[in-house]
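Scroll down for the structure; my scribbles are underneath it.
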There are 2 protein chains.
Amino acid sequence: MKQKITLKHIAKELQVSISTVSKALKNSEEISRDTKEKIQAFAKLYNYKPNNIAISLKNKRTKNIGVIIPDIVHHFFTTVVRGVEKYANTKGYNVIVCLSDESFDKEVINMEMLANGSIDGFIMSLSSDTQLKGDYNHLKEVIEQGIPMLLFDRITNEVDCDKVIIDDQMGAYLATQKLIDEGRKKIALVTTEDYLSVSRERKTGFVRALKDNHMEVQEQYILQMPTMGMEEKPFKNFFDSVEVDAVLCVNEIFAISGMRYLKSKGKRIPEDVSFIGFTDGLLSKYANPSLTAIDQHGEKMGEAAAEILIEKIESELEEPSFKTKILSPTLIERDSTIN
Amino acid sequence: MKQKITLKHIAKELQVSISTVSKALKNSEEISRDTKEKIQAFAKLYNYKPNNIAISLKNKRTKNIGVIIPDIVHHFFTTVVRGVEKYANTKGYNVIVCLSDESFDKEVINMEMLANGSIDGFIMSLSSDTQLKGDYNHLKEVIEQGIPMLLFDRITNEVDCDKVIIDDQMGAYLATQKLIDEGRKKIALVTTEDYLSVSRERKTGFVRALKDNHMEVQEQYILQMPTMGMEEKPFKNFFDSVEVDAVLCVNEIFAISGMRYLKSKGKRIPEDVSFIGFTDGLLSKYANPSLTAIDQHGEKMGEAAAEILIEKIESELEEPSFKTKILSPTLIERDSTIN
DNA sequence: TATGAACACGAAACCGATTTCGTAATACTT
DNA sequence: AAGTATTACGAAATCGGTTTCGTGTTCATA
């Protein structure tokens, strides 16, 4: 086992001081050509690589970005992470991923771990637990400490920081308008609890589109799913009690499950009922029929987030000016809608 | 912006030495009750948290685990990451995720970045590029340096280290046997290029099951997909030229696409053709018909990997004893097979 | 009263780098 | 020849902790 070589080793071996070695390896003008060549050759031979930790301690910069997401087995979040990674790597940054598991406590713990010097900045999406609780002190503290922070997708107005979101309202509006343009009259919305910022926005867009088209907003057409995973029963109750001709779902799973149930009831999709789902993931593409979906451009979001955060990290300026970047969603038409 | 407080600050404020503060905060017997209480109270008041980087430098341990995977927008890998995270967090470790993007070069670069002090050990799955190339020197070097390394799923026999895999042969065997038990005679295998270790193993299991049942192995029943993403054409060529009554696919996408194509040709699933796919992901569950699948237990795999690696990291012993943990896959029966 | 132990704390080395500043040796100037 | 400038390098501080060892007080013991 050959141990990692340090400046000290090189210095001792070559009978020079550590400072000389350090300077020689950075090609400093201070060091003579001869010495530099000797040291550089030796370093190359022994494959010297500076210790990141030591450099981090000295520079007070780690070249690490902390990404905290609620779940990693989740298409949208992984595309965002991929985008972050992609951009961050081009700038020489590593990505430390932590999962909050939708839990407030885990979110706090992870943030604290990372905030003690491990990272130069945060990119995060709030856990549902945190949004439900409405407690953002852990974020505020980190920002207070001067650590750059960027929220994406699941954000809050309560903390001042950079943000990247897609225009969820617009996404829902686009989708709803598409359904209306198809001639649908009884359009349902399947959503989650209201405390999730994105669900709220999507509902607003849905309602706005109906109103703009002089259609009545009926609460009975809105289904709020209790928790993920057990969609069957609520769907049965819902679709057995109201007659609909189009459904907008805030995620893929709801859409797929909804289509399945209606198909089992003999409905044809899209002839009898159209479906549109949020998040253009694998399920949408491979569903049967394939699902018209709203693409949230997760990868672009991740890249944008990383770019904004890294710029903030590397900018010296103290003045806290925060921007919110709003990406536009796009409607990807497939076979669950007409045309 | 209130700066992070350090031992030095506390020492100056309380007119004691840095060593005293350090010891007091660790509740050392050396320090008097009075002084300890004073220092601890002060530290709590100002929310002192030691700097991870400094501790890492001193201890030569970072409490970080590097995870390198080929892709993150991939159900199986994310479940593994989740398992790693889950176990690692209970032990106070962070997870640094890097993506090789199936590229040899990115794999090398990421490993080198992390190997210079950023992590205490690696958990990784080889990129397809690396497996194709067959060059494992970057792994060997890292191991040479004494950094614990664990390979999972996509492994190689060329490097000596801990490994966690599922018994891919057994998975394929189980699945094939299931199809045979159903009375299928013309069983196809849809796989990828042979250089992926897992595909090779699965093919072996497939062949072994046929042989054990005294069935002929016919090369024409084996379809090797060129690259992911463009399955339509190869499927068309394949299914139009050979008549099959069952299909085993090495991933979900192949299975879903295959089912779709055969359905479009008027075949009924599972009556006319049965399907089984590897990796029990979202697609399997929500496919139509839902897909009988081989569960690779990604999360368990991640947990097992993290456990083995962390134990290695924390054990002092020099002797390099490596184990390979083989998890057993399970067949999850759904509607794409009979019964 | 001298001696040893126990107590409570500080100085300093160390982890592995970077960087400022000081200085010996040489070269150049007048 | 004396003074100045340049070259080439080393000592030491620093980042923020941990840890070993040394030491001044106080107390009890012979």
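All chains are named by letter (A, B, ...) in the order of the sequence lines, taking the proteins before the strands, and each is independently numbered beginning at 1. The figures that follow rest on heavy atoms only: side chains count, while hydrogens, waters and symmetry mates do not. In this text, all values refer to a predicted model and were calculated from it rather than measured experimentally.
Partners of A/A305 according to the side-chain contact (heavy atoms from CB on, under 4.5 Å) rule, which considers only residues two or more places apart in sequence or in another chain, are A/I123, A/L150, A/V164. Taking B/E37 as the reference, B/R33 meet the side-chain contact (heavy atoms from CB on, under 4.5 Å) condition, with sequence neighbours excluded. A/D153 meets the salt bridge (Lys or Arg N to Asp or Glu O under 4.0 Å) test with no other residue; sequence neighbours excluded. Under the salt bridge (Lys or Arg N to Asp or Glu O under 4.0 Å) criterion, A/E307 pairs with no residue at all, not counting sequence neighbours. Residues satisfying the ring-ring contact (aromatic ring centres under 6.0 Å, His included) test with B/H297, not counting sequence neighbours, are none.
Between the side chains of A/T156 and A/Q131, no donor-acceptor pair of N or O atoms lies under 3.5 Å. No side-chain donor-acceptor contact under 3.5 Å links B/S100 and B/S103. At a cut-off of 3.5 Å, with distance as the only test, a side-chain donor of A/E107 or A/S127 sits close to an acceptor on the other residue. With 3.5 Å as the limit, one finds no donor-acceptor pair spanning the side chains of B/S19 and B/S22.
As judged by a 4.0 angstrom heavy-atom cut-off over every strand, A/K60 is placed among residues touching the sugar-phosphate backbone only. If you check every strand for non-hydrogen atoms under 4.0 Å, A/K26 touches sugar and phosphate atoms only. Using a 4.0 Å heavy-atom cutoff across all strands shown, A/T6 reaches sugar-phosphate atoms only and no base atom.
Close approach of DNA chain C to chain B, defined as any atom under 4.0 Å from a non-hydrogen atom of the protein, starts and stops at C/dA8 to C/dG16. Boundaries of the chain A contact region on DNA chain D are D/dA8 to D/dG16, first to last in 5' to 3' order (nucleotide atom under 4.0 Å from a heavy atom).
Only B/E30, B/I31, B/S32, B/T35, listed by number, bring a heavy atom of residues 29-39 of chain B to less than 4.0 angstrom from any atom of DNA chain C. Listed by residue number, A/L7, A/K8 are the residues of residues 7-14 of chain A with a heavy-atom contact under 4.0 Å to DNA chain C.
Positionally, the nearest nucleotide of DNA chain C for B/I18 lies more toward the 5' end than for the other of A/P50 and B/I18.
Interatomic distance, B/E141 CD to B/I147 CD1, rounded to the nearest 0.5 Å: 10.5 Å.
For residues 102-145 of chain B, every residue pair satisfying the ring-ring contact (aromatic ring centres under 6.0 Å, His included) rule, not counting sequence neighbours, is listed here: B/F104-B/H138. Sorted by first then second residue, the ring-ring contact (aromatic ring centres under 6.0 Å, His included) pairs that include residues 2-23 of chain B, not counting sequence neighbours, number zero. For residues 11-61 of chain B, every residue pair satisfying the ring-ring contact (aromatic ring centres under 6.0 Å, His included) rule, not counting sequence neighbours, is listed here: B/F42-B/Y46.
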